[in-house]
Number of protein chains: 2
Amino acid sequence: MAGSDDKKPTTFRVIENELDCDHCEARDRCPGSELSQSQLKQLSDITTTRGPFQSGQAIYRMEDHFRSLFVIQKGAVKIESVSEDGANMVDGFYFIGEMFGVDAIGDDYYRNDAIALETTWVCELPYTKLETLCTLLPELQRKIFMMLGHQIRKINENLVHNRSLSAEKRVLQFLETLSDSNVVKKNHQCQMQLPMSKGDMACYLGLRPESLSRALGKLSSDGVIRNHARKIELLQHNTSFELAYK
Amino acid sequence: MAGSDDKKPTTFRVIENELDCDHCEARDRCPGSELSQSQLKQLSDITTTRGPFQSGQAIYRMEDHFRSLFVIQKGAVKIESVSEDGANMVDGFYFIGEMFGVDAIGDDYYRNDAIALETTWVCELPYTKLETLCTLLPELQRKIFMMLGHQIRKINENLVHNRSLSAEKRVLQFLETLSDSNVVKKNHQCQMQLPMSKGDMACYLGLRPESLSRALGKLSSDGVIRNHARKIELLQHNTSFELAYK
DNA sequence: CGCTTGATTGAAGAAACTCAAGGAAGGTGG
DNA sequence: CCACCTTCCTTGAGTTTCTTCAATCAAGCG
């Protein structure tokens with residue numbers, strides 16, 4: 001199992017697959033897309049591939065000085081912080097091609113921990129170097145601005161949805177987003193292999209594990225999803241069943 | 001009343017007070033701070049002061065093409081969107097010295113409406129011009145990146161808090177943030193003059209108006225706040241009363 | 001095999017919501 | 001200046017939803 005996961009992505013993969021991201025749905029989110037070959041070269045010159053991070057390992061922690069942004073080349077990451085009362089909070093999940101660490105821009109330290117959910121490789125973008133390069137490559141600057149805008153939209157949508165949706169709708173919406181963004185592995189029959197625990201998922205959705213379990217149970221019995229251990233299958237895409245949940 | 005509110009801020013005010021923002025607590029959030037005089041000049045050359053927007057008037061709407069970011073020079077703004085079921089949602093409030101519209105970066109249209117809550121003047125930053133200027137002025141680029149990072153942190157914190165706090169704690173936290181950031185007018189005895197309706201505030205906090213009313217009532221009877229119509233006074237700052245709400 | 005951790009289920013309780021009615025404030029017209 | 005109206009805010013009673021607490025079940029691992 002460790003064999004294929006632990007293999008370091010080649011430089012070619014770094015540039016072609018992740019930073020340029022030609023293959024992924026989320027092209028806009030990748031800093032390298034729309035850059036010329038020579039510009040890509042300059043970008044990849046300041047980056048470092050880091051990994052493998054095993055499940056549970058930290059890519060950065062709260063105490064660490066903010067130095068870099070990260071783009072996921074392989075694997076998945078959760079962003080976790082600790083609230084005043086000591087409880088763990090999951091702030092977000094990030095997948096292949098997505099950038100994280102941006103919430104620390106303009107700050108001295110990271111405000112949270114970035115934890116690998118599975119064997120994960122990341123591309124490290126040293127922030128000051130990136131800033132400098134941005135002034136030299138307007139297209140790159142443009143791209144980074146866009147990625148930040150996208151990030152803000154994403155969080156905002158989340159905020160709005162979380163506030164006013166019932167547990168079941170929230171869960172379904174989360175699963176649909178996961179499914180639509182094609183960031184999670186699916187087997188033959190559209191079963192998503194979730195990288196995070198149900199506990200983390202519950203926490204992210206602002207629910208107790210028990211409530212998530214019940215919501216999943218309800219969705220199952222309504223025929224909207226099929227719920228196996230860490231595999232979830234979305235059924236009835238865009239049918240009347242699902243519409244009842246809008 | 002309209003007399004003083006309707007007076008257009010002078011160019012001097014634009015640069016010195018808002019873009020440079022020497023007077024405001026939120027210095028870091030203002031694009032002009034830490035720029036030299038000549039750089040400030042270049043920045044103010046691409047900006048336009050717009051106003052007055054009367055309470056309820058839109059600075060931009062969902063249907064509008066994204067063209068500009070805005071910094072508030074005077075007044076207050078709410079960002080409002082409509083959910084699938086037709087309900088109005090308040091995504092955020094912005095005050096003097098704060099920038100809004102950034103969630104549309106990288107998009108063709110604004111995703112929401114920006115509505116003045118009181119007589120409001122804004123400084124318009126045409127986005128493509130700003131981008132170009134950023135490549136010429138690394139300090140400005142740096143500043144904009146920082147502001148975006150700050151924005152992301154702010155929304156994220158909100159997201160996390162909203163999920164796990166009771167109505168009363170959420171309300172108190174909101175009031176404290178307002179109070180601490182010194183963006184809301186206060187009279188002699190620390191009474192904040194809230195620019196938004198309680199309905200908007202409730203919506204922003206993910207509560208029904210009734211629930212907000214009850215939460216405020218509870219906080220009042222506990223001696224943590226004093227609740228008049230649109231004036232709210234924070235008592236017991238950092239005392240045992242308040243600690244019980246952490 | 002037993003231990004630990006994560007997921008589920010049930011029953012009771014708390015928190016926020018819904019619906020409905022009443023009250024205060026601000027604006028308008030007489 | 002007052003009566004009226006509209007809008008916003010508050011209050012109450014009953015219901016829904018999610019949480020809490022406790023127990024059980026399943027899976028992974030030494």
Asker: How many whole angstroms separate atom CD of A:Glu168 from atom C1' of D:dT17?
Answerer: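 Nearest whole value for this atom pair: 10 Å.
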
Asker: Using side-chain heavy atoms (C-beta onward) and a distance below 4.5 Å, is A:Phe70 in contact with A:Cys123?
Answerer: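 Of all side-chain heavy-atom pairs linking A:Cys123 with A:Phe70, none is under 4.5 Å.
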
Asker: Distance-only criterion, 3.5 Å: show the donor-acceptor pairs between side-chain atoms of residues 198-214 of chain B and protein atoms not counting sequence neighbours.
Answerer:
{"unit_1": "B:Lys198", "atom_1": "NZ", "unit_2": "B:Asn227", "atom_2": "OD1", "d": "3.0"}
{"unit_1": "B:Lys198", "atom_1": "NZ", "unit_2": "B:Ala229", "atom_2": "O", "d": "2.9"}
{"unit_1": "B:Asp200", "atom_1": "OD1", "unit_2": "B:Lys78", "atom_2": "NZ", "d": "3.3"}
{"unit_1": "B:Asp200", "atom_1": "OD2", "unit_2": "B:Lys78", "atom_2": "NZ", "d": "2.9"}
{"unit_1": "B:Tyr204", "atom_1": "OH", "unit_2": "B:Asn158", "atom_2": "ND2", "d": "2.4"}

Asker: For DNA chain D, whose closest nucleotide is more 5', that of B:Asn227 or that of A:Arg170?
Answerer: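 In this pair, the answer is B:Asn227.
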
Asker: Is B:Asp200 touching bases, backbone alone, or none of the nucleic acid, heavy atoms closer than 4.0 Å?
Answerer: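 Nothing, no heavy atom under 4.0 Å.
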
Asker: For B:Leu117 and D:dC8, what is the distance between atoms CG and P respectively, to the nearest whole Å?
Answerer: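 Between P of D:dC8 and CG of B:Leu117: 13 Å.
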
Asker: Rounded to the nearest 0.5 Å, what separation is found between the OH atom of B:Tyr94 and the CD atom of B:Gln151?
Answerer: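 B:Tyr94 OH to B:Gln151 CD: 4.0 Å, rounded to 0.5 Å.
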
Asker: Roughly how many Å is it from CZ in B:Arg230 to P in D:dC8, rounded to a whole number?
Answerer: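 Whole-Å distance recorded here is 9 Å.
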
Asker: Return the 5'-most residue of the pair A:Ser166, B:Ser197 with respect to DNA chain D, ranking by each residue's nearest nucleotide.
Answerer: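 Between the two, 5'-proximity favours B:Ser197.
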
Asker: What is the separation between atom NZ on B:Lys231 and atom P on C:dA24, rounded to the nearest whole Å?
Answerer: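 Interatomic distance, NZ of B:Lys231 to P of C:dA24: 17 Å.
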
Asker: Let me know the distance between CG of A:Leu165 and P of C:dC17, rounded to the nearest Å.
Answerer: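 So the CG-P distance, A:Leu165 to C:dC17, works out to 13 Å.
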
Asker: Which whole-number value in Å describes the distance from A:His228 NE2 to C:dG6 C1'?
Answerer: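 These atoms are roughly 18 Å apart.
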
Asker: Over how many whole Å does the gap from B:Arg163 atom CZ to D:dT19 atom P extend?
Answerer: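 Atom CZ in B:Arg163 sits about 12 Å away from atom P in D:dT19.
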
Asker: Just the rounded figure in Å: distance from C1' of D:dT16 to NZ of A:Lys169.
Answerer: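 It is 13 Å, rounded to the nearest whole Å.
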
Asker: Looking at residues 201-214 of chain A, who's got a heavy atom less than 4.0 Å off DNA chain C?
Answerer: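 Correct list: A:Glu210, A:Ser213, A:Arg214.
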
